[in-house]
Student: 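Here you go, one structure.
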Amino acid sequence: MSKTPIIIDCDPGHDDAIAILMAAASDKLDIKGITIVGGNQTLEKCLNNTLKFLSHLDLHIPVAAGAEGPLLRGLTVAPYAHGDSGMDGPQLPPATQKPVEMNAVQLMEKIVRESEQKVTLCPMGPLTNIAIFLRANPDLIEKIDKISLMGGTTLIGNRTPTSEFNIWEDPEAADIVFRSGIPLFMQGLDVTYQAGVNDDEIAQIRAIGNKYSTFVADLLDFFSKYHRNLGRMYTPLHDPCAVAYVIDPDMFTTEDHYVEIDMDGELTLGTTVTHNFGRCTHAPNCTVSLGIDREKFVKLLFDSLEILGRGGRYA
Ligand code: BDR
Ligand code: CA
């Protein structure tokens, strides 16, 4: 079976890092590149976090820096969830790896142009890099197989009452992506709040006892504090849902809808407005995940960390 070539666009970020590890462990995926966008923290911090953990974990994947901030707005970072570094918790030595000598859009273009197979995009930060790439390379749109993104919500937001952080951060970029015509699979808060781990499971992750699981447990010990303070039983693993969907879509329950981005609502900026009342005259542009088999998802995470501990891939 040939592997699915993917590009991960992200702003690490605790859950971003876990998503990269889940993808790195999968024999179904071939991570062709990791592109970084300013989001959870500044571009510089997100890039440094990525290079540090890839170096520490001996994972060698091309990394490129992208946009410092949204297309039309200033960057608003999220230290309340991810700490001042953007990935507080694990104590890692300085990075030994360096980014490639291309920017994010150039790396995406090279990968997609040179790939014999269509490429899957997995964005898990603001959609700025992806929007610039699509606008700059309209001829490559047909070479994108699908986009499985973490972002949006049909109900309750985490940045405003109705909007999710990644979409809210750069709504104009999200609008470009949602109108792109590329098959779109939205892993929004509807599903990502179901896809989490509890404190026992974090302890079980630590007990796996290799450097990958120790890193993830250190991430989750920090990340869970924010979510526990909000009264949540599970620490959500938002971004790994974008990867898990590509690995095993059967784990998810979905509905197809026409989704539009609110770009100027005073109270609802960045809302993924989901036309779901059967009166919409537009054809669906998005497959929206609404449910997940949590046990299967957690098993996939555990298995991924054990596989990485046995070594071999991206060495
Ligand atoms: C999203 O925002 C970030 O804080 C997470 O990494 C995730 O991508 C959740 O709203
Ligand atoms: Ca993220």
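Being a predicted model, the structure only gives us computed values, none of them experimental. Ligands are counted one by one from 1 in listed order, and the atoms in each one are counted from 1 as well.
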Student: Under 3.0 Å from the Ca ion (ligand 2), is there any N, O or S atom belonging to D15?
Tutor: no
Student: Would you say N40 reaches the Ca ion (ligand 2) with an N/O/S atom under 3.0 Å?
Tutor: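 For N40, the answer is no, given that no N, O or S atom comes within less than 3.0 Å of the Ca ion (ligand 2).
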Student: Which pair of heavy atoms, one from L220 and one from L237, lies closest together, and at what distance?
Tutor: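 Closest pair (atom of L220, atom of L237, distance): CD2-CD2, 3.7 Å.
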Student: Around atom 8 (O) of ligand 1, find the nearest protein heavy atom and jot down its residue, atom name and distance.
Tutor: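 Checking every protein heavy atom, the shortest distance to atom 8 (O) of ligand 1 gives D239 OD1, 2.6 Å.
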Student: In terms of atom number and element, which parts of ligand 1 are under 4.0 angstrom from non-hydrogen atoms of H82?
Tutor: 3 (C), 4 (O), 5 (C), 6 (O)
Student: What part of D16 sits under 4.0 Å from ligand 1 if we count only heavy atoms: the side chain, the backbone, both or neither?
Tutor: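 Just the side chain.
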Student: Rounded to the nearest 0.5 Å, what's the gap from CD on Q97 to CZ on F53? Could you check?
Tutor: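 Here the interatomic distance stands at 9.5 Å.
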Student: I'd like the atom name of the N/O/S atom in D11 lying closest to the Ca ion (ligand 2).
Tutor: OD1
Student: Among V37, N103, L71, which one satisfies side chain to side chain contact (heavy atoms under 4.5 Å, CB included) with I132?
Tutor: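 Going through V37, N103, L71 one by one, the side chain to side chain contact (heavy atoms under 4.5 Å, CB included) with I132 is satisfied by L71 alone.
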Student: Applying a heavy-atom cut-off of 4.0 Å, say which part of M124 lies close to ligand 1: side chain, backbone, both or neither.
Tutor: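 Backbone only; the side chain of M124 stays clear of ligand 1.
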Student: In Å, rounded to the nearest 0.5 Å, how long is the span from CD1 of I20 to SG of C10?
Tutor: 4.0 Å
Student: Have a look at D239 and say which of its N, O or S atoms is nearest the Ca ion (ligand 2).
Tutor: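 Distance check against the Ca ion (ligand 2) picks out OD2 in D239.
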Student: Search all heavy atoms of G196 against all heavy atoms of E201 and return the closest pair with its distance.
Tutor: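 That closest heavy-atom pairing would be O-OE1, 4.1 Å.
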Student: Taking all non-hydrogen atoms of both residues, which atom of R113 and which atom of N137 are closest, and how far apart?
Tutor: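 Looking at all heavy atoms of both residues, the shortest contact is NH2-OD1, 3.7 Å.
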Student: If you take all heavy atoms of Y212 and L308, which pair is closest and at what distance?
Tutor: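 Smallest heavy-atom distance, with atoms named: CE1-O, 3.2 Å.
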Student: Purely on distance, is any nitrogen or oxygen of M150 under 3.5 Å from one on ligand 1?
Tutor: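 No: no nitrogen or oxygen of M150 is under 3.5 Å from one in ligand 1.
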Student: Please give me the minimum heavy-atom distance between H257 and N276, naming the atom from each residue.
Tutor: CE1-CB, 3.3 Å
Student: Show which atoms of ligand 1 fall inside a sub-4.0 Å distance from at least one heavy-atom site of N158.
Tutor: 9 (C), 10 (O)
Student: Rounding to 10°, state the angle centred on the Ca ion (ligand 2) that links OD2 in D16 with O in M124.
Tutor: 80°
Student: Among E164, H14, Q187, Q41, which one has a heavy atom closest to atom 9 (C) of ligand 1?
Tutor: E164
Student: Closest non-hydrogen protein atom to atom 6 (O) of ligand 1, residue and atom name please, with distance?
Tutor: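 Its nearest protein heavy-atom neighbour is D15 OD1, 2.7 Å.
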Student: For S163 and R159, which I'm curious about, is there any donor-acceptor pair between the side chains at under 3.5 Å?
Tutor: no
Student: Is a donor on one side and an acceptor on the other found under 3.5 Å between the side chain of S115 and the backbone of K118?
Tutor: no
Student: Quick test: of every protein heavy atom, which one is nearest to atom 3 (C) of ligand 1, and how far off is it to 0.1 Å?
Tutor: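 Checked against all protein heavy atoms, atom 3 (C) of ligand 1 sits closest to N40 OD1, 3.0 Å.
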Student: Should you measure from each heavy atom of N166, which atoms of ligand 1 turn up under 4.0 Å away?
Tutor: 1 (C), 2 (O), 7 (C), 8 (O)
